Amino acid sequence: MADVTLRPLTELDLEAVTSIDEKISGSYRPDEWENRVAYYIRRDAELSLVAVQGKDVVGFMLGEVRSGEFGLEETAGWIEVMGVDPDVQGQSIGKKLLEGMVKGFKARGAKKVRTLVDSKSQEALVKFFEATGFKATPTRLLDRPL
Amino acid sequence: MENVRSTRLPGKYHDAITRWQETFLPDLPLLEENWEKFFPRDPKFQLCAYRQCDMCGVIEVGKEQGKPKYQKATDMTEEQAGHLLKAIQAQASTEFGSIQQHQLTLARAQDEQDQFWALRVMAEELRHGYQMCHLLLEDDWKAVAPESGEQMVEEILSMRTGSHVLGAFNIDFDSFLDNIVFCALIDRVGKFQLAMQKVSAYQPMAESMPPMLVEEAFHLTAGVVPMRRWVSQAAKGKGFITMDAIQRALNKWFPRALDMFGDERGGGSNVKMGFKPMKNDEAMGKYIEEMEGIVRTLNVRYVRDRLPKLPREDAYALLDRVMESGDPEQGVRREDLLALPDKTFLRRRGIWAYEMRDTTGAEIKDVEQYKRTLYKTLPDAYPQGRDFKDYLRLVREVAAGTTTKEHAVGQMPELSRVGGVCPCARAVRWVVDGNGNGAH
């Protein structure tokens, strides 16, 4: 197995990111990924990361540093979306991506790293984050249909 | 941005660039008014120079590798300083030049988001030009430059499309398609140059690069994402931009992008002097590889939107077969797909400069046949411009043996610069062509 390296997300990764998402979700959603990738590049072109093995992009983690939302005043790094190619899962690629993102968050003055996960439909993600030191907080996501 | 210091040029230079902006980037206030709508949460645009503070202080490549980086022009040999000065001037010219090109067709965008993305690109190019002026004015270049910093800035601000240092910046945009393809192709060369100059032995240059590279990353996105959407629309039979139009724009800009790397046989001096880590051919090769990847992903986007029920791997395989065999499959024809022109096509610098070749690289012997080929492969409006006329004249002369290839390569833009302030353009100087006719 070739080593996995991290580098910032670029517009060249659009196809790979779309393809990883398609393998995971079963849906081909290029429009959505074009919007997202463009958003994270313009927000901070060096923060969001992809994992590269050989010449292939095998994972990605997108996020940004924000503060002052919902009364959460302190500057925090938000992990908003991630994906690892199912063909190479089990190689700690997600963990590597997370470590890289955390380093970037710290360098930008973040005091915490946060994310939101659906505990029912994303059990594997919950386990991943718990295994890497995340804990559930009393802050709850509330919504209602409109 | 962390560890970044910002500075403003002394008043009269800042004001001169602001006046230039009022003429050539009049929509900057519009961008500022709409910033939150299109770029929520992003720091507001500021016209200033940025320098990264925590850069490596040791020369990373070349003969002087391992020694401390040069802090001032006078720390370098005359040859090094002269070489570097030309590079800074050329880069400054490209930054301001691209804004003049974008402005021509900015208003023709069909999509508001694309338009504001391009407008942000223009504003950031203005900042990059400002950054280069900062390098010219911050140091003392007297030993290698006949002009003062003030004169150098004045000269750069006086340049117009047609009198810029590099060919890609002397070509008028014909439609908004050019704005986008230019971002995807020409700004990409900018990315390569900036990334190489990040290791520059001249510390102020190296420190200028990281903030510019961060901005450049968005410029490339502002090119590639709209192209992908246009391809998608074309595949669905919607939209107004055809695959043929995109192909012609690629044919127009790709050769200019390659020329920007310089002669394939050169670039050794930059490496030896510690200014760049790669020679021209190596950097160009990487650029071509990157562009091949982009064209492939655009084609994937096309095939998948054309045949939405086709599984991903099957779409890749179909694309490869159609490209290789030329035989249509499930309604997808090779002529519907994009192809990068051969690196020998339409070149004006380097090994293949002024050779008559088609987009596949096949040689054409007859000038008239070559002209017809160019008409078939370039955007309709392009051959009607002066740039094309001048190019074809040189091709004819080289083919007839009345001009050498080397002489043709060395031909500077036809426009020349003269003194005097142009009050109506509010530029620092104004430009006349070789016949003494006013250019405005």
Side-chain angles (χ1 to χ4, degrees), chain A residues 7-50 52 55-57 62-69 75 78 80 85-87 103-110, chain B residues 1-3 38-43 54 113-114 116-117 120-121 124 183-184 187-188 191 210-229 231-233 235 289-294 296-302 304-305 307-313 315-316:
Chain A
R7 63 161 173 77
L9 168 83
T10 76
E11 84 293 349
L12 300 171
D13 303 318
L14 268 164
E15 188 61 34
V17 168
T18 306
S19 166
I20 291 169
D21 170 61
E22 189 180 8
K23 283 188 189 178
I24 297 168
S25 71
S27 304
Y28 176 57
R29 304 184 290 181
D31 299 316
E32 184 169 337
W33 288 105
E34 280 157 7
N35 288 335
R36 282 191 179 192
V37 167
Y39 175 82
Y40 289 104
I41 289 174
R42 82 160 169 77
R43 288 289 295 125
D44 187 336
E46 291 184 331
L47 180 59
S48 292
L49 298 173
V50 292
V52 181
K55 282 192 159 188
D56 299 326
V57 171
L62 315 184
E64 63 180 314
V65 172
R66 299 202 298 262
S67 60
E69 289 171 310
T75 304
W78 282 85
E80 296 183 331
D85 189 326
D87 297 341
K103 203 172 152 194
F105 290 148
K106 276 187 188 165
R108 287 157 179 79
Chain B
M1 287 181 280
E2 311 87 53
N3 301 317
F38 292 98
F39 311 109
R41 297 179 181 156
D42 286 2
D54 51 358
Q113 180 181 273
D114 292 350
F116 275 88
W117 281 13
R120 176 172 172 164
V121 168
E124 289 174 348
C183 285
D187 281 54
R188 188 169 308 282
K191 177 193 80 169
M212 290 171 76
L213 275 164
V214 166
E215 289 162 337
E216 207 66 39
F218 175 71
H219 302 184
L220 304 182
T221 309
V224 169
V225 168
M227 280 179 85
R228 286 175 60 91
R229 289 180 181 144
V231 164
S232 167
Q233 294 285 304
E289 197 181 323
E290 201 164 295
M291 277 308 308
E292 283 168 346
I294 289 173
R296 177 168 170 79
T297 58
L298 288 169
N299 284 334
V300 168
R301 186 85 163 94
Y302 180 88
R304 298 220 54 194
D305 279 316
L307 305 167
K309 287 184 182 156
L310 198 65
R312 183 165 42 87
E313 296 299 335
Y316 293 165

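Each chain gets a letter, A, B and so on, in the order its sequence line appears, and its residues count up from 1. Bear in mind that the values here come from a model prediction, so they are computed numbers and not experimental data. Keep in mind that the numbers below use all heavy atoms, side chains included, and drop hydrogens, waters and symmetry copies.
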Looking at B:Val214 and A:Ala45, what are the two nearest heavy atoms and their distance?
O-CB, 3.7 Å

How long is the straight-line distance from CZ of A:Arg42 back to OG1 of B:Thr221, given to the nearest 0.5 Å?
11.0 Å

Supply the atom-to-atom distance B:Arg229 CZ to A:Asn35 CG, rounded to the nearest 0.5 angstrom.
5.0 Å

Residue part contacting chain A, namely of [X], when any heavy atom lies under 4.5 Å:
{"X": "B:Arg301", "value": "both"}
{"X": "B:Pro308", "value": "neither"}
{"X": "B:Ile294", "value": "side chain"}

Quick test of your reading of the model: are A:Glu11 and B:Lys191 salt-bridged, counting only N-O distances below 4.0 Å?
no

What residues, two or more places apart in sequence or in another chain, satisfy side chain to side chain contact (heavy atoms under 4.5 Å, CB included) together with A:Val37?
A:Leu9, A:Leu14, A:Ile41

Please rank A:Arg43, A:Lys23, A:Arg66 by heavy-atom pairs under 4.5 Å with chain B and give me the top one.
A:Arg43

Name the option with the most non-hydrogen atom pairs under 4.5 Å to chain B; the candidates are A:Thr18, A:Thr10, A:Asp31.
A:Asp31

Using a 4.5 angstrom heavy-atom cutoff, name the option from B:Ser232, B:Gly293, B:Pro40, B:Ala217 with the most pairs to chain A.
B:Pro40

Between B:Val225, B:Leu220, B:Asp305, B:Leu213, the one whose heavy-atom pairs under 4.5 Å with chain A are most numerous
B:Leu220

Go through the atoms of A:Glu22 and report whether side chain, backbone, both or neither lie under 4.5 Å from a heavy atom of chain B.
side chain

Can you confirm whether more than 12 heavy atoms, excluding those of A:Glu69, are under 6.0 Å from its CD atom?
yes

Ring pair (Phe, Tyr, Trp, His ring centres under 6.0 Å) filter on B:Phe116, not counting sequence neighbours, yields B:Phe38

Could you walk me through whether B:Arg312 and A:Tyr28 pass side-chain contact (heavy atoms from CB on, under 4.5 Å), step by step?
CA-CA 9 Å; B:Arg312 183 165 42 87; A:Tyr28 176 57; over 6 Å; no

Could you please spell out the steps behind the side-chain contact (heavy atoms from CB on, under 4.5 Å) verdict for A:Glu15 and B:Arg296?
CA-CA 10 Å; A:Glu15 188 61 34; B:Arg296 177 168 170 79; over 6 Å; no

side-chain contact (heavy atoms from CB on, under 4.5 Å) between A:Leu12 and B:Glu290: does it pass, once the steps are laid out?
CA-CA 8 Å; A:Leu12 300 171; B:Glu290 201 164 295; 3.3 Å; yes

